[in-house]
Amino acid sequence: MKSLARRSAEHYFIQGIKIFGLVMGLQVILAFEFFLMGAEMTDMLGYIVQNVVAFTGMFMILFNTIYAIYGPNWLDSVVLSMGARRKDVFWGQIIQQLTFITGCVIVSLAICFIFDRKMLVGFTFLAAAASILAGVIGTVIGYKIKKFGKIVMMIIIMIMACLGGVVGAMAAVGKQIHISALNNGLSLTVIGVGTIIVFILLELWAYKLNSKCMVN
Amino acid sequence: MGTLSGKNIVKKYGKDTVLKNVNIDIETGKIYGLIGRNGAGKTTLLSILTAQNPATEGTVTLDGQPVWENEEALSHICYSREIPQVTMFGPNSMKVKDYLKTAKVFYKYWDEAYAKELVALFNLNPKKRVSKLSKGMLSSLTIIIALASKADITILDEPVAGLDVVAREQFYKLVIDEYAQTGRTFIISTHIIEEAASLFEKVIIIDDGQIVLQENTEELLSRAYRVSGEDTLVDKATDGFKVYHPESIGRNKVVTVLADEPVADFGDDVQVEPVALQNLFYAMCVDDRKGA
């Protein structure tokens, strides 16, 4: 039989593929909806492509975070209760998240290049970077929820709601927050390197939390 | 396979010390019964022995090798515990087949054919979600995972909770058959002691975070007695013995005695009966100050 590390890696890889499949299923439904909504537009194709890529980016961040939070409290507990080691769970989570993100990025890039919408490539990579960070943040949040309970979720929801409110209010009064670095190659590099550094630091924290975790 | 040993195990949750310097040795090739009151520390002890929970202090080894994060040691152990129907995020939407697929991946010696046989025997629908299973079906799933894991040391934590009497008897028969065929070690934690007592080669009694007793069941019961009669005569006959749970009704008295060795005769003035494991456990663990 294959080693535990290999079996664990394969298991989490398949979980990543399943989440990817779920998101792609949602995208197919959404693409059809955009098709119906954009039926009378002059650039219907552009409308559909832009929205599909945008929603892929959003779903990448959303679903990666959700499944990362699920891990310590539910799915990883199942695996741990069946003889996996904590390091298998730690690396497995990374494999799952990167598999999911890679799948989404490949699909988005394919859409961008097939339909000649190269200006969305930068957005796709930005969303991938955000998703990578959101995943590890989700893992840390998951451990904190395991320790302190749902109150952690409530606090985070409140913070996100306040942030969302601020952004919305600023947009309402004509102010916009520019987070795009599409026009500046150097900024993309900085974002990429910054993402990796923050990712590593947060994964170290997640590793520490994981090393003493217990089965629910 | 040799011995699964826990030495000086302490487990604290905040200020509460749940396990207090527990020493335990599980020899392979036997069926153990682990019994204790609610909150005694059974599940905590089992989860520490199987590296599912870190001990605050102490070590757990299998054949001298630490169990914690050890692939080789973990491959010989299965701890099948209660599956939650509700998670922190809502109902447990995993299906029975998802659990079995995951078990197949992670248990090195998983027997898929045997698992399918057990699913049919317990009449479990693999497509059903865990949140929709009855308590008995949940117990069945726990049992299937434990038995099909084919792990050398298989631990079942209250496996018969929720099972009807027919299913319970089926389970006991399955354990005996599996033990006879493979010589696997089973550790069964249960509150339905009297039914399972005939299965237990060795019994471990845990109370208030400490192992009270850990020995061969037959030998233990051979030196346990229920002595009854007139109170002064009972006191005289049992003088020098360890006496548990004395009960007085008028001038009559009943006590449970656990001697160091089998006693030939307590005298003619008292009545002596053998004690069942459940009654011995009750006598040893009940505390009049705590009540029922």
Side-chain angles (χ1 to χ4, degrees), chain A residues 1-15 18 22 65-92 138 141-154 207-216, chain B residues 11 13-14 43-44 46-48 50-56 66-94 98-110 130-131 142 145-146 148-151 153-155 157:
Chain A
M1 223 212 193
K2 297 171 203 166
S3 70
L4 179 58
R6 182 139 174 222
R7 283 181 275 135
S8 176
E10 286 175 3
H11 169 80
Y12 277 97
F13 174 75
I14 291 168
Q15 299 311 306
K18 282 183 182 173
L22 171 66
T65 312
I66 289 172
Y67 276 89
I69 293 175
Y70 278 170
N73 291 283
W74 179 21
L75 302 170
D76 291 347
S77 248
V78 174
V79 160
L80 213 53
S81 74
M82 292 184 178
R85 297 164 299 183
R86 279 148 191 84
K87 60 178 151 217
D88 297 320
V89 168
F90 174 75
W91 289 110
I141 291 172
Y143 282 115
K144 293 303 177 187
I145 290 173
K146 190 167 180 157
K147 187 172 179 183
F148 298 109
K150 284 184 201 169
I151 189 73
V152 174
M153 262 199 312
M154 298 298 162
Y207 183 82
K208 197 176 164 215
L209 292 169
N210 167 63
S211 64
K212 291 284 182 190
C213 73
M214 52 182 267
V215 172
N216 280 351
Chain B
K11 179 67 184 180
Y13 292 111
T43 300
T44 304
L46 293 175
S47 63
I48 288 172
T50 54
Q52 291 188 17
N53 193 349
T56 309
V67 171
W68 185 263
E69 296 289 283
N70 183 338
E71 178 181 350
E72 180 56 32
L74 289 170
S75 71
H76 295 288
I77 301 171
C78 167
Y79 176 25
S80 192
R81 56 200 294 181
E82 188 185 351
I83 296 167
Q85 286 190 288
V86 179
T87 70
M88 208 169 270
F89 309 103
N92 186 348
S93 57
M94 280 181 78
D98 295 329
Y99 267 92
L100 295 175
K101 264 188 206 159
T102 309
K104 186 181 172 183
V105 169
F106 287 96
Y107 287 120
K108 191 175 178 182
Y109 305 107
W110 179 260
V130 165
S131 58
T142 304
I145 290 172
S149 72
K150 295 287 184 176
I153 299 173
T154 304
I155 301 171
D157 195 353

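So that the names make sense, note that chain A is the first sequence line, chain B the second, and so on, each numbered from 1.
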Which atom names give the shortest non-hydrogen contact between A:Ser211 and B:Trp68, and what distance separates them? O-CZ2, 3.4 Å
Relative to the ring of A:His11, is the ring of B:Phe106 parallel (under 30°), tilted (30 to 60°) or perpendicular (over 60°)? perpendicular
Looking only at heavy atoms, what is the nearest atom pair of B:Pro54 and A:Cys213, with distance? CD-O, 4.0 Å
Answer with side chain, backbone, both or neither: which region of A:Leu4 has an atom nearer than 4.5 Å to a non-hydrogen atom of chain B? both
For B:Tyr109, does the OH atom sit with more than 12 other heavy atoms under 6.0 Å from it, leaving out its own atoms? yes
Test log, rule side-chain contact (heavy atoms from CB on, under 4.5 Å), inputs B:Met94 and A:Leu75: CA-CA 9 Å; B:Met94 280 181 78; A:Leu75 302 170; 4.0 Å; yes
What part of B:Thr43 lies closer than 4.5 angstrom to a heavy atom of chain A: side chain, backbone, both or neither? neither
Heavy-atom pair count under 4.5 Å with chain A, highest-scoring of B:Asn92, B:Ile83, B:Asp98: B:Asn92
With a 4.5 angstrom heavy-atom cut-off, is it the side chain or the backbone of B:Thr102 that approaches chain A, or both, or neither? both
Might you confirm whether atom NZ of B:Lys104 has over 12 heavy atoms from other residues, nucleotides or ligands at distances under 6.0 Å? no
Note: A:Ser81 and B:Tyr107 closest approach over all heavy atoms is O-OH, 3.5 Å
Contacting region of B:Tyr99 [heavy-atom separation from chain A under 4.5 Å]: both
Keeping to residues at least two apart or across chains, list the salt bridge (charged side-chain N to carboxylate O under 4.0 Å, His left out) pairs with something in residues 76-85 of chain A. A:Arg85-A:Asp88, A:Arg85-B:Glu71
Derivation of the side-chain contact (heavy atoms from CB on, under 4.5 Å) call for B:Phe89 and A:Ile69: CA-CA 10 Å; B:Phe89 309 103; A:Ile69 293 175; 3.7 Å; yes
Report the distance from atom CH2 of B:Trp110 to atom CE of A:Met82, rounding to the nearest 0.5 Å. 7.0 Å
Scored by heavy-atom pairs under 4.5 Å with chain B, the best of A:Lys212, A:Lys146, A:Met153, A:Arg86 is A:Arg86
